[in-house]
Amino acid sequence: AQTVTQSQPEMSVQEAETVTLSCTYDTSESDYYLFWYKQPPSRQMILVIRQEAYKQQNATENRFSVNFQKAAKSFSLKISDSQLGDAAMYFCAYRSANTGTASKLTFGTGTRLQVTL
Amino acid sequence: EAQVTQNPRYLITVTGKKLTVTCSQNMNHEYMSWYRQDPGLGLRQIYYSMNVEVTDKGDVPEGYKVSRKEKRNFPLILESPSPNQTSLYFCASSFLVRGTGELFFGEGSRLTVL
């Protein structure tokens, strides 16, 4: 079974600075997706960024980028120029790309990000 | 607007009183699933459905039931709720054969069982 580990329960960053959230995963599959979801106080689950395992290029979405290391099974999220609105719980998640085994998104336990002035 | 809609958003009930949380999606997704979120545990899958009339257990199915009679709806049923089912519940959906694997989430249902 796949597992996802987020080893940082809480992180703090100053406004305008850069922060990196860590995520490692374990799988025997070669074709899969990785995601970072953001959960603000409103509780809504918002997709931040997505990475397909077959792509070597790291995904970027504006101030958000990932460092995807497939061999090391690592998928960290970098937030540049942090803003107050980035304060939230961040979840790393894994999903198989094979239809037969894509039965769920496996989540890490989350990292709560605090943004200070 | 593409969305997953859950109801109710908030519910306080008592032990043993049957309740249903509804979930509906308008994106023609084959796959639907229920998750519960508890502090320190992340989101854990309760049940999922790969298509109409096809459902299966997730990681924490005890005390829950589901049905998938129509493609757009996937209700979660608590036949006899207990306090350990107090949690934040999310319904989610996605394409299976096409798409990017992304799950689309409802806004969550906060359930308290007294």
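Model, not experiment: these values are computed from the prediction. Side chains included, hydrogens not; waters and symmetry mates left out as well; all remaining heavy atoms used. Convention: sequence-line order gives letters A, B, ...; per-chain numbering from 1.
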**OP:** Please determine if B/Glu53 and B/Lys69 form a salt bridge, counting it only when a charged side-chain N lies under 4.0 Å from a carboxylate O.
**Re:**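 Salt bridge: no.
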
Subject >> Aromatic ring pairing A/Phe68/A/Tyr32, orientation class (parallel under 30°, perpendicular over 60°, tilted between) >> reply: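 It falls in the perpendicular class, over 60°.
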
Subject >> Whether A/Phe107 and B/Tyr35 hold their rings parallel, tilted or perpendicular, with breakpoints at 30° and 60° >> reply: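 Ring orientation, 0 to 90° scale: perpendicular.
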
Subject >> Interface moiety of B/Leu43 toward chain A, non-hydrogen atoms closer than 4.5 Å >> reply: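 Contact with chain A involves both backbone and side-chain atoms of B/Leu43.
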
**OP:** Using non-hydrogen atoms and a 4.5 Å limit, figure out which bit of B/Asp38 sits close to chain A: side chain, backbone, both or neither.
**Re:**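 Neither; nothing under 4.5 Å.
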
Subject >> Among the listed options A/Gln44, A/Gln39, A/Met89, A/Glu52, the residue most often paired with chain B at heavy-atom distances under 4.5 Å >> reply: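 So the answer, after comparing A/Gln44, A/Gln39, A/Met89, A/Glu52, is A/Gln39.
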
Original post:
With respect to chain B, which residue among A/Ile46, A/Thr109, A/Val4 yields the maximal number of heavy-atom pairs within a distance under 4.5 Å?
Top reply: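 So the answer, after comparing A/Ile46, A/Thr109, A/Val4, is A/Thr109.
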
Original post:
Under the criterion side chain to side chain donor-acceptor pair (under 3.5 Å), which of B/Lys71, B/Glu30, B/Arg68 is the partner of B/Ser49?
Top reply: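 Passing option: B/Arg68.
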
Subject >> Residue A/Arg43 versus chain B: region with a heavy atom under 4.5 Å >> reply: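 Contact with chain B is through both the backbone and side chain of A/Arg43.
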
Subject >> Side chain / backbone / both / neither for A/Gln6 at chain B, heavy atoms under 4.5 Å >> reply: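 Neither part, no heavy atoms under 4.5 Å.
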
Original post:
Are A/Ser82 and A/Arg63 close enough that a side-chain donor and a side-chain acceptor fall under 3.5 Å?
Top reply: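 No donor-acceptor contact under 3.5 Å links the two side chains.
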
